[in-house]
Amino acid sequence: MSDILATIPLSAIRVFEAAARLKSFTRAAAELGITQAAVSWQVKALEKRLDQPLFQRLPREVVLTASGERLARASGE
């Protein structure tokens, strides 16, 4: 998956990394100084670009899928 990283905007990787580390789109948004909706939109766009889900959305947190785990490792998480 590391080859695909070269085609992904750095802003999307930053948002993904924060959400993965914090296990929350809301906390990632607060850390990055953007809205939760912006985090959600960027993650959805990244999932669409990669054609696979990166997070399992739960009521108060998000959990990485297997694909999300691989991307987190590849992005230096």
A.B. asks: Filter on salt bridge (Lys or Arg N to Asp or Glu O under 4.0 Å), then keep only pairs touching residues 50-67, sequence neighbours left out; what's left?
C.D. replies: Glu47-Arg57
A.B. asks: Does the side chain of Leu64 come within less than 4.5 Å of Gln56's, by heavy atoms?
C.D. replies: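 Answer no - side chains too far apart.
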A.B. asks: Could you tell me which residues satisfy side-chain contact (heavy atoms from CB on, under 4.5 Å) with Leu46, sequence neighbours excluded, listed by chain and number?
C.D. replies: Ile8, Phe16, Leu50, Leu54, Leu71
A.B. asks: We want to know whether Arg70 and Ser67 form a side-chain donor-acceptor pair, criterion being a heavy-atom distance below 3.5 angstrom.
C.D. replies: yes
A.B. asks: Using every non-hydrogen atom in the two residues, find where Ile34 and Val39 come nearest and quote the distance to one decimal.
C.D. replies: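 Looking at all heavy atoms of both residues, the closest pair is CD1-CG2, 3.6 Å.
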A.B. asks: Could you tell me whether the side chain of Phe55 reaches within less than 4.5 Å of the side chain of Thr65, counting heavy atoms only?
C.D. replies: no
A.B. asks: I'd like to know if the side chain of Arg27 and the backbone of Arg21 have a donor-acceptor N/O pair within less than 3.5 Å.
C.D. replies: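 Here the side-chain-to-backbone pair does not exist.
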A.B. asks: For the residue pair Lys23 and Val63, establish whether any side-chain heavy-atom pair is separated by less than 4.5 Å.
C.D. replies: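 No - every pair of side-chain heavy atoms lies 4.5 Å or more apart.
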A.B. asks: Is the shortest heavy-atom distance from the side chain of Glu31 to the side chain of Leu22 under 4.5 Å?
C.D. replies: yes
A.B. asks: Using every non-hydrogen atom in the two residues, find where Gln42 and Ala12 come nearest and quote the distance to one decimal.
C.D. replies: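 In this case the closest contact between Gln42 and Ala12 is OE1-CA, 3.2 Å.
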